[in-house]
A.B. asks: 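Take a look at the following structure, please.
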Protein chains: 2
Amino acid sequence: MTPESYQLDDTDRRILLALDEDPRVPTMMLAQRLGLARGTVQTRMERLANSGALRPNSSRVKPASVGRGVSAVVSAELDQSHLEEAIAALSLIPEVLECVAPAGDTDLLIRAVAKDPDDLYRVSEEIRLCPGITRTSTSMILRDVIPYRTTALLNHLG
Amino acid sequence: MTPESYQLDDTDRRILLALDEDPRVPTMMLAQRLGLARGTVQTRMERLANSGALRPNSSRVKPASVGRGVSAVVSAELDQSHLEEAIAALSLIPEVLECVAPAGDTDLLIRAVAKDPDDLYRVSEEIRLCPGITRTSTSMILRDVIPYRTTALLNHLG
DNA sequence: TCCATGTTAGTCAAAATGATCAGTGATTCC
DNA sequence: GGAATCACTGATCATTTTGACTAACATGGA
């Protein structure tokens, strides 16, 4: 339905936050809690699911719970003419969770996970060997200071 | 129940991946599809929800859908003796989605969002002014090359 | 003003849920 | 070897929820 551009409003955010606190709550009770009609909540949740505003459910999985307790940031420089090839190759590495292109010196910033430091070396090598990638620098993450969240953001807008 | 250490097994992963493809599917049909008994799926989903292996639902929200279409990576150096203060202060900034401490030169690597480049400047300033933070360097993200995913990882283990 | 949209509030039958239980296989531990 | 533990199956049950539909109301824009 809605392509990519759907903007969540206050009601959407309240629903999402309420679901964080009580993920299994039935629509009816949720509606009561928020002071809305059931139909409204139902419509909203349906819309949310189809709006493209949410990442897939599996993105909630903490890598540590599938035995990937080691996390790293890999910055990569690349031969710009082979950008798309590099992206394609990176996509094929399961341990690559995310990759962004920042402004500045670094061409690509890659978030990767591994089983242990030794495994991280392997992953890091796989990344380095991607076509188009000329140089990488891997930093293991020592501490998850603030684990990924959007709660504060959602609350803030309210 | 389970604290933080629960390891997802093959069945858990299959359930999660199936839910990605069809998020609203009822437990019964899901069980059929996976060739499991309903009770099993029910137990698994319950356990998953309580295991701490999943981030809160709201972490699925794409910041762009709440008007934060601009994303940035901020690297920060800090006065190590004020680490905890800095963390506390950063936590209070809603636009700070994540913060990790990598090995190497950078003390903290912060993922932040903003409404637009102008707003990013404001957020960036807020970060810089956190107690304990001595220097920051902000890079706007130009392109989301691989959006955050765990699908490949979950599939890979199977 | 009229129209479109989103909300409320209510109904309905159909379906799913959570809670059980006994039986079975696999694994571990003694 | 045997006992105990654990997870899965397949089944039943009453209760609840769901999705789909109404009609009425409010709001905001054309």
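In this text the structure is predicted, and so the values were computed from the model without any measurement. Below, read A as the first sequence line, B as the second, and so on, with proteins coming before strands; counting in each chain starts at 1.
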A.B. asks: Using a 4.0 Å cut-off to any heavy atom of chain B, which nucleotides of DNA chain C are the first and last in contact, reading 5' to 3'?
C.D. replies: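 Nucleotide range with atoms under 4.0 Å of chain B: C:dA16 to C:dA19.
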
A.B. asks: Among all residues two or more places apart in sequence or in another chain, which pass the salt bridge (Lys or Arg N to Asp or Glu O under 4.0 Å) test with B:Glu77?
C.D. replies: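 Scan of B:Glu77 (salt bridge (Lys or Arg N to Asp or Glu O under 4.0 Å), adjacent residues dropped) gives B:Arg135.
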
A.B. asks: Among residues 29-42 of chain B, which ones have heavy-atom contacts with DNA chain C below 4.0 Å?
C.D. replies: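 The stretch gives B:Met29, B:Arg38, B:Gln42 as the residues lying under 4.0 Å from the strand, ordered by number.
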
A.B. asks: Rounding to 10°, can you tell me the angle the first-five-pair axis of the helix from C:dT1-D:dA30 to C:dC30-D:dG1 makes with its last-five-pair axis?
C.D. replies: 50°

A.B. asks: Have B:Tyr6 and B:Arg47 got a donor and an acceptor in their side chains that come within less than 3.5 Å?
C.D. replies: yes

A.B. asks: Between A:Ser124 and A:Thr138, do the side chains contain a donor N or O and an acceptor N or O under 3.5 Å apart?
C.D. replies: yes

A.B. asks: Give, for atom CG of B:Leu19 and atom OG of A:Ser58, the distance between the pair rounded to the nearest 0.5 Å.
C.D. replies: 9.5 Å

A.B. asks: Please report, to 0.1 Å, the donor-acceptor pairs under 3.5 Å made by any side chain of residues 26-39 of chain A, with sequence neighbours excluded.
C.D. replies:
{"unit_1": "A:Arg33", "atom_1": "NH1", "unit_2": "A:Asp22", "atom_2": "OD2", "d": "3.1"}
{"unit_1": "A:Arg33", "atom_1": "NH2", "unit_2": "A:Asp22", "atom_2": "OD2", "d": "3.3"}
{"unit_1": "A:Arg38", "atom_1": "NH1", "unit_2": "A:Gln42", "atom_2": "OE1", "d": "3.2"}

A.B. asks: If you find the nucleotide of DNA chain D closest to A:Glu46 and the one closest to A:Pro26, which residue's nucleotide is nearer the 5' end?
C.D. replies: A:Pro26

A.B. asks: What pair of heavy atoms forms the shortest contact from A:Thr136 to A:Val74, and how long is it?
C.D. replies: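 Where A:Thr136 meets A:Val74 most closely, the heavy atoms are CB-CG1, 3.9 Å.
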
A.B. asks: B:Ile133 versus B:Ile127: any side-chain heavy-atom pair under 4.5 Å?
C.D. replies: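 Side-chain contact under 4.5 Å: yes.
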
A.B. asks: Can you sort out the partners of A:Ala152 under side-chain contact (heavy atoms from CB on, under 4.5 Å), two or more places apart, ordered by chain and number?
C.D. replies: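 Expected list: A:Arg149, B:Pro94.
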
A.B. asks: Classify the nucleic acid contact of A:Thr43 as base, sugar-phosphate or nothing, counting any heavy atom under 4.0 Å across all strands shown.
C.D. replies: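 If one applies the 4.0 Å heavy-atom cut-off, A:Thr43 turns out to touch nothing in the nucleic acid.
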
A.B. asks: Compare every heavy atom of B:Gly67 with every heavy atom of A:Gln7, then report the nearest pair and how far apart it is.
C.D. replies: OE1-N, 3.0 Å

A.B. asks: With rounding to the nearest 0.5 Å, note down the distance linking CG in A:Leu54 to CG in A:Leu48.
C.D. replies: 5.5 Å

